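So you know, we letter chains A, B, ... as the sequences are listed, proteins then strands, and number each from 1. Bear in mind that the values here come from a model prediction, so they are computed numbers and not experimental data.
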Amino acid sequence: MKTFYITTPIYYANSLPHMGHLYTTVVADCLARYKRQRGFETYFLTGTDEHGQNIMRSAARSGRTPKEHVDYIVGELKQMFGAFGLDRERGGYDVFMRTSEPFHYEGASAFWRAVARNKTPKGRDCIYKGFYEGWFCAPCGTFKTDEELSLPEHEGDAPLCLIHEAPVDRVSEESYFFCLSDYEGALLELFEKRPDFVRPEARLNEVVSLTRSGLQDVSISRLKSSVGWAIPVPDDPEHTIYIWFDALINYITALGYGHGERLRGDGENLFEKFWPGMHLVGKDILRQHAILWPAMLMAAGVELPHAVIAHGMWLDQTGRKGSKTLGNALELPVLLRHYQVDAVRYFLLREMAFGQDSKVDYGVILERANADLASGFGNLTSRTLTMIERYFDGVVPSPEISDERRLQAKRVGVGSDAQELASSLELVRDQFVQYFENYAFHRALETVWGMIARVDKFISEAKPWVLAKSEDQRETLGAVLYRSAEAIRWLAVLLHPLMPDSTRSLWRQMNLSGGPEKIDPAELTWGGLQPGTRIGEVSALFPRIDKGKIMAEIEKEIEQRKETGTQVAGSDGTHATQAAVPGAATAAETKPEQPPMQGATEAEAVPGAAQPATAEGVVNFINIDDFVKVEMRVGEILTAERVPKADKLLRFTIDLGEAAPRQILAGIAQYYEPENLIGRKVAVVSNLQPRKLRGFESQGMVLAASVGEEGRPVLATFTEDVPNGARLK
RNA sequence: GGCGGGGUAGCUCAGCCGGUUAGAGCGCGGGAUUCAUAACCCCGAGGUCGGGAGUUCAAGUCUCCCCCCCGCUACCA
């Protein structure tokens, strides 16, 4: 039997369920249901990534052990998935994977050993020991990323830990590294040979150019003394496996890789049966899945996945990512309370051009539900079934029109056979399948809705309510209603993976045998609907939502929540800097962006992400308070030299009148000779967050005018004598 | 700074290798109708297709320049 294995990312278990979790899981769920319908034996994985420092911290903040904390989050997630019909009981995922499970420890360790045994394509050991450098907070006992640090009060001092408000240390720690850099060639070859490996294409291009620009080895361990809540490195109890390395392996340990626990009762080996699978991910964690993971698999000698599919993010109406702190994130309980699950599913798949970002708020969901579902599909089924009920006492009429009635039928615009309608349906069916196979869900749905309009039009033109008035048009009337009912049956089959509940409900209303999930759309044939079937009770599939009323209710709920300060999805377990994008991110969210690169700094903070929007069309003025935040001082260049292997950068030490001179880098090497600059007085932004460039930390910015097309820099200088350190205002 | 993708009706977007009056859905206005969830059906609303120049018999559709937005990335800091 054909098999299909699909995964969502395993979600980082330190934030409560949100739109990002819902979306990714819904898409995977649709794909899984679709494949099952198509006759594939399908395995659908979702779950949680439960280790690491951030989880330890979240747990500590809420007074729980890490295990208690992840159990709590898992409970919330499972409850949410259940409410949206995504769990196993409701035909959704097959396994909820948790990285804290013992079998994963065993499998991940086996994977590590397999990698450690191997050589890279360039002949190095795949894993080696080195040093990982970063800012270390002694009271926390952990390394800090830039987002977890604040600027020191005095320039030149170390940054401060946000938790302890104490300076952190520059520390280098022994760490294992994975030779990612040796896989550049193999990865590029992979991307070239299998252009479908990363989808959509735009994302493939990004991954390719990223790989071309050079990969660095990644740190894949931490000291157990600092990150104890993690899987131990095999044979080295002082170290634990770094979160990303650990997490990615779940996709195969869940199937039994490296341990024996996923053999089914009949002795069937799931790993052999289902791997390789395909990974559905948010674009924010594409590189881990498209670069790191394949390299890891190559190193371990495991077959690569079929594909990594990246989807876009949900934004609010102003184009910003949904965020709890901004209050613009949709709340899942609100969705659940006011909208049908299938309406939300429909919206998610219809509104977003798959792969791109899309905007969402409560109103647009409602509008789509009313326009497409209530007025569209729902109304079509309603009018058709009601007429069968009314004109034929609820018994599906015969499609046949006898010879002597043919002319009569034709006269009122009803053809003697259903050929035209059936052909349209076949075409729609084929296009739908085609689009679905290419993850173009929005197009697939568009196509189906085109068909709905055609059937509506067919009914309006045939005017069954007029036919019903004359007894000798009875055959024609029956044929019209049969055709539209049969068309609805087809549509129910097509739409089933996207709207499982509603299509089943429709199936019941039509009193059809089996279920829409049991029919492969590719095998639909015209005439499957049996005349003589007594239909069940007719009811509205998608009741119209009273927009004014519901929107007012939702706004009121949100308002109340603001006042009381309570959030539906409690804000415990999140951290000021961690909660930045809960409405949008997927598995990566508070997991470190990327395994730290050797000798490189951590990811920088994301400026702008939480900044208030400017009124549209208004010049972006700053006020004096904003200006005062920028500290500019006079500095004297003490030393200047070129940065090795960099043709644009100069490295200065500049006296700003402080205890020690600062090291500052500037990208002006193509226009200035370093030796000519020594002794020169320049204007320096002195309170800019330090940032590493080409391995050197730059502790400020030298100001220069940008001249001409090529942006030639011209240093800002003083014509009068000014003391070092004088502030510019 | 580099690479990539965009800027088309109020909104969301289609418009491939250049070719009749520039399209769809939603929303809006009007008409028709009553089987249906004030639904469905029909008609309409005129958008200088970001700006400019060019190639051509003919350009959203190709070339060049410019402006703006987004994504990724960098030796901007």
Side-chain angles (χ1 to χ4, degrees), chain A residues 200-210 212-214 283-284 286-287 310 312-313 315 317 319 350-353 355-359 363-364 367-391 442-443 445-446 449-450 452-453 455-468 477 480-481 484 538-546 604 607 642-651 664-670 684-704 706 709-711 713:
Chain A
E201 199 184 341
R203 298 293 159 201
L204 173 68
N205 295 337
E206 279 176 22
V207 169
V208 169
S209 73
L210 191 71
R212 276 216 187 94
S213 72
K283 65 178 187 183
D284 54 333
L286 176 60
R287 67 177 62 179
M313 301 293 168
L315 310 174
Q317 289 304 322
R350 174 65 184 79
E351 188 77 4
M352 184 178 271
Q356 299 184 283
D357 291 348
S358 206
K359 294 175 184 175
V364 297
E367 276 160 24
R368 273 236 177 261
N370 274 349
D372 296 358
L373 299 178
S375 301
F377 189 49
N379 182 59
L380 173 62
T381 65
S382 173
R383 66 195 303 208
T384 301
L385 299 184
T386 301
M387 284 192 278
I388 289 176
E389 187 65 56
R390 180 176 300 189
Y391 303 139
H442 61 300
R443 293 257 177 268
L445 287 168
E446 222 170 47
W449 257 256
I452 290 171
V455 179
D456 259 331
K457 187 167 182 171
F458 165 73
I459 294 174
S460 297
E461 286 175 351
K463 298 185 179 63
W465 51 93
V466 172
L467 299 176
L477 172 64
V480 168
L481 294 182
S484 98
V538 180
S539 66
L541 225 42
F542 301 101
R544 180 167 305 279
I545 306 168
D546 182 332
E604 64 197 286
R642 293 183 182 277
V643 172
K645 288 199 288 184
D647 43 53
K648 287 186 186 170
L649 277 185
L650 288 184
R651 179 164 70 101
I664 293 179
L665 286 87
I668 58 174
Q670 290 165 318
V684 171
V685 178
S686 54
N687 63 342
L688 198 62
Q689 170 136 6
R691 164 75 193 273
K692 219 169 205 188
L693 295 169
R694 278 281 145 162
F696 294 96
E697 184 169 274
S698 183
Q699 300 159 329
M701 175 172 11
V702 176
L703 294 178
S706 178
E709 299 252 317
E710 75 281 19

A.B. asks: Expressed in whole Å, how much space separates the C1' atoms belonging to B:C68 and B:G30?
C.D. replies: 38 Å
A.B. asks: Looking at every strand, decide which applies to A:Tyr391 at a 4.0 Å heavy-atom threshold: base, sugar-phosphate, or nothing.
C.D. replies: sugar-phosphate
A.B. asks: Which value, in whole Å, describes the distance between the P atoms of nucleotides B:C67 and B:G46?
C.D. replies: 35 Å
A.B. asks: When the distance from CG of A:Leu481 to P of B:C35 is rounded to whole Å, what number comes out?
C.D. replies: 13 Å
A.B. asks: If you measure from the C1' atom in B:C17 to the same atom in B:U34, how many Å do you get, rounded?
C.D. replies: 49 Å
A.B. asks: Decide yes or no for A:Leu650 and A:Leu665: does some side-chain heavy atom of the first lie under 4.5 Å from some side-chain heavy atom of the second?
C.D. replies: no
A.B. asks: Answer with base, sugar-phosphate or nothing: what part of the nucleic acid does A:Ala453 contact at a heavy-atom distance below 4.0 Å?
C.D. replies: sugar-phosphate
A.B. asks: Please report, rounded to the nearest Å, how far the C1' atom of B:C41 is from the CG atom of A:Asp456.
C.D. replies: 9 Å
A.B. asks: List in chain and number order the residues that pass salt bridge (Lys or Arg N to Asp or Glu O under 4.0 Å) with A:Arg642, two or more places apart in sequence or in another chain; answer none if no residue qualifies.
C.D. replies: A:Glu673
A.B. asks: Just checking A:Leu385: base, sugar-phosphate only, or nothing, at a heavy-atom cut-off of under 4.0 Å?
C.D. replies: nothing
A.B. asks: Of the options B:A38, B:C75, B:A14, whose atoms approach the side-chain atoms of A:Arg544 most closely?
C.D. replies: B:A38
A.B. asks: From the list B:C72, B:C40, B:C35, which nucleotide is the closest neighbour of the side chain of A:Met387?
C.D. replies: B:C35
A.B. asks: Looking across every strand, which nucleic acid part, if any, lies under 4.0 Å from A:Ser382 by heavy atom: base, sugar-phosphate, or nothing?
C.D. replies: base
A.B. asks: Mapping A:Leu373 and A:Glu446 to their closest nucleotides on RNA chain B, which lands nearer the 5' end?
C.D. replies: A:Glu446
A.B. asks: Determine the interatomic distance between C1' on B:G47 and the same-named atom on B:C3; round to the nearest Å.
C.D. replies: 33 Å
A.B. asks: Check nucleotides 23-25 of chain B against the protein and report each pair of N or O atoms closer than 3.5 Å, with its distance, or say if there are none.
C.D. replies:
none

A.B. asks: Picking from B:G1, B:C72, B:C40, which would you name as closest to the side chain of A:Lys648?
C.D. replies: B:G1
A.B. asks: Looking at every non-hydrogen atom in both residues, tell me the closest pair between A:His442 and A:Arg350 and how far apart they are.
C.D. replies: CB-O, 3.4 Å
A.B. asks: Report yes if some heavy atom in the side chain of A:Leu703 is under 4.5 Å from a heavy atom in the side chain of A:Val684; otherwise report no.
C.D. replies: no
A.B. asks: Counting any heavy atom closer than 4.0 Å, what does A:Asn205 reach on the DNA or RNA strands: base, sugar-phosphate only, or nothing?
C.D. replies: nothing
A.B. asks: Can you check the distance between B:G6 and B:G15, where both ends of the measurement are the C1' atom (answer in whole Å)?
C.D. replies: 15 Å
A.B. asks: Residues in salt bridge (Lys or Arg N to Asp or Glu O under 4.0 Å) with A:Glu367, at least two apart?
C.D. replies: A:Lys547
A.B. asks: Show your working on side-chain contact (heavy atoms from CB on, under 4.5 Å) between A:Val480 and A:Lys463 and close with a plain yes or no.
C.D. replies: CA-CA 9 Å; A:Val480 168; A:Lys463 298 185 179 63; over 6 Å; no
A.B. asks: Using heavy atoms to find the nearest nucleotide of RNA chain B for A:Ile452 and A:Thr381 separately, return the residue whose nucleotide is more 5′.
C.D. replies: A:Thr381
A.B. asks: Looking across every strand, which nucleic acid part, if any, lies under 4.0 Å from A:Ala374 by heavy atom: base, sugar-phosphate, or nothing?
C.D. replies: base
A.B. asks: Report the distance from atom CH2 of A:Trp465 to atom P of B:A32, rounded to the nearest whole Å.
C.D. replies: 16 Å
A.B. asks: With a 4.0 Å limit, can you tell me whether A:Lys457 has a side-chain N or O closer than that to the phosphate oxygens OP1/OP2 of B:C42?
C.D. replies: yes
A.B. asks: Does any part of the side chain of A:Leu380, heavy atoms only, come nearer than 4.5 Å to the side chain of A:Ile459, both counted from C-beta?
C.D. replies: yes
A.B. asks: Please report, rounded to the nearest Å, how far the P atom of B:C26 is from the NE2 atom of A:His442.
C.D. replies: 17 Å
A.B. asks: With respect to the side chain of A:Leu693, which nucleotide from B:C41, B:G71, B:C76 is positioned closest?
C.D. replies: B:C76
A.B. asks: Would you measure the distance from the P atom in B:C16 across to the matching atom in B:G23 and give it in whole Å?
C.D. replies: 15 Å
A.B. asks: For A:Lys648, check side-chain contact (heavy atoms from CB on, under 4.5 Å) against everything at least two apart and list the hits.
C.D. replies: A:Gln670
A.B. asks: For B:G6, does the O4'-C1'-N9-C4 or O4'-C1'-N1-C2 angle fall within 90° of 0, making it syn, or is it anti?
C.D. replies: anti
A.B. asks: Roughly how many Å is it from CD in A:Gln356 to C1' in B:G6, rounded to a whole number?
C.D. replies: 9 Å
A.B. asks: Whether the side chain of A:Thr381 engages the backbone of A:Gly378 through a donor-acceptor N/O pair (distance < 3.5 Å, no angle test) should be reported.
C.D. replies: yes
A.B. asks: Separation of A:Trp449 atom CH2 from B:C26 atom P, in whole Å?
C.D. replies: 13 Å
A.B. asks: Of the candidate nucleotides B:U37, B:U12, B:C35, which contains the atom at the shortest distance from the side chain of A:Lys359?
C.D. replies: B:U12
A.B. asks: Rounded to whole Å, please give me the gap between CG in A:Asp357 and P in B:G6.
C.D. replies: 15 Å
A.B. asks: Between A:Lys359 and A:Glu351, is there a salt bridge with N-O shorter than 4.0 Å?
C.D. replies: no
A.B. asks: Of all residues at least two apart in sequence or in a different chain, which pass the side-chain contact (heavy atoms from CB on, under 4.5 Å) check with A:Glu461?
C.D. replies: A:Lys457
A.B. asks: Stems involving RNA chain B: give each as a range paired with a range, ordered by first number, where a stem means at least three consecutive Watson-Crick or G-U wobble pairs under 3.5 Å.
C.D. replies: B:1-7 with B:67-73, B:10-13 with B:23-26, B:28-31 with B:41-44, B:50-54 with B:62-66
A.B. asks: Pick the C1' atom in B:A24 and in B:G44, then give their distance to the nearest Å.
C.D. replies: 16 Å
A.B. asks: Please pick, from B:G71, B:C40, B:C35, the nucleotide with the shortest atom-to-atom distance to any side-chain atom of A:Arg203.
C.D. replies: B:G71
A.B. asks: Please state the P separation for the pair B:U12 and B:G50 - nearest whole angstrom.
C.D. replies: 15 Å
A.B. asks: May I have the distance from A:Asn379 (atom CG) to B:C40 (atom P), rounded to whole angstrom?
C.D. replies: 6 Å
A.B. asks: Need one value for A:Ser213: base, sugar-phosphate or nothing, where a base atom within 4.0 Å counts as base even if backbone is also close, heavy atoms only.
C.D. replies: nothing
A.B. asks: Decide yes or no for A:Phe696 and A:Val643: does some side-chain heavy atom of the first lie under 4.5 Å from some side-chain heavy atom of the second?
C.D. replies: yes
